[in-house]
Amino acid sequence: MREQQLYAKFSKCEFWLDKVTFLGHVVSKDGIQVDPRKVEAVQNWPRPTTITEIHSFLGLAGYYRHFVQDFSKIAAPLIRLTQKNVKFEWNDKCEYSFQKLKECLTSTPVLSLPSGNGGYAVYCDASRVDLGCVLMQHGRVIASASRKLKKH
């Protein structure tokens, strides 16, 4: 490290750790997971009463948007409240959106980040009206997609 002019203060260093908390995630030999303290913060988040509070909640939730299938669809009623010229009226759709986002962000299945090693498995299913697929690695869901098929 000295040859490269890199220095560290020993009192601020930790070695031989089983896991490290970093930017809202816990990194361990088992992979990357959401920090349990963040999960608790989301579970206890009070219902927003102002546009600023909605922005704050959506900011946190948006950070994890890649882990939640259909995030934009679920968040749409809350996002609508933040738009200009829209009166702040909390309704059943907003409440459902808020509770559903909290549930999605704090419960499994939550999407995982892919790791650099190991293969992937793709599971597909289709009917006359729907098409769906799931990308998995090491038994964890990495991504999923679904859509209604157009009628001809």
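If you read the sequence from its start, that first residue is 1, and numbering goes on from there.
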Can you give me the closest heavy-atom contact between [X] and [Y], atom names plus distance?
{"X": "Pro48", "Y": "Phe88", "answer": "O-CZ, 4.1 Å"}
{"X": "Pro77", "Y": "Ile74", "answer": "CD-O, 3.4 Å"}
{"X": "Lys19", "Y": "Ser28", "answer": "CB-CB, 3.8 Å"}
{"X": "Thr21", "Y": "Val26", "answer": "OG1-CG2, 4.1 Å"}
{"X": "Glu53", "Y": "Arg47", "answer": "OE1-O, 4.1 Å"}
{"X": "Phe98", "Y": "Pro46", "answer": "CZ-O, 3.5 Å"}

Starting at [atom1] of [X], measure out to [atom2] of [Y] and round the result to the nearest 0.5 Å.
{"X": "Thr106", "Y": "Glu40", "atom1": "OG1", "atom2": "CD", "result": "11.0 Å"}
{"X": "Leu58", "Y": "Ser97", "atom1": "CG", "atom2": "OG", "result": "7.5 Å"}
{"X": "Phe57", "Y": "Leu105", "atom1": "CZ", "atom2": "CG", "result": "6.0 Å"}

Do [X] and [Y] make a side-chain contact, defined as non-hydrogen atoms from C-beta onward lying under 4.5 Å apart?
{"X": "Cys104", "Y": "Phe71", "result": "no"}
{"X": "Leu78", "Y": "Leu101", "result": "yes"}
{"X": "Arg2", "Y": "Tyr7", "result": "yes"}

Q) Is Phe10 linked to Leu6 within one hydrophobic cluster, defined over Ile, Leu, Val, Met, Phe, Trp and Tyr using a side-chain heavy-atom separation of less than 4.5 Å? A) no
For [X], is the [atom1] atom crowded, meaning more than 12 foreign heavy atoms sit under 6.0 Å from it?
{"X": "Glu95", "atom1": "CD", "answer": "yes"}
{"X": "Asn91", "atom1": "CG", "answer": "yes"}
{"X": "Asn44", "atom1": "CG", "answer": "yes"}
{"X": "Tyr96", "atom1": "OH", "answer": "no"}

**Q.** side-chain contact (heavy atoms from CB on, under 4.5 Å) assessment of Trp90 paired with Thr49
**A.** CA-CA 8 Å; Trp90 192 267; Thr49 57; over 6 Å; no
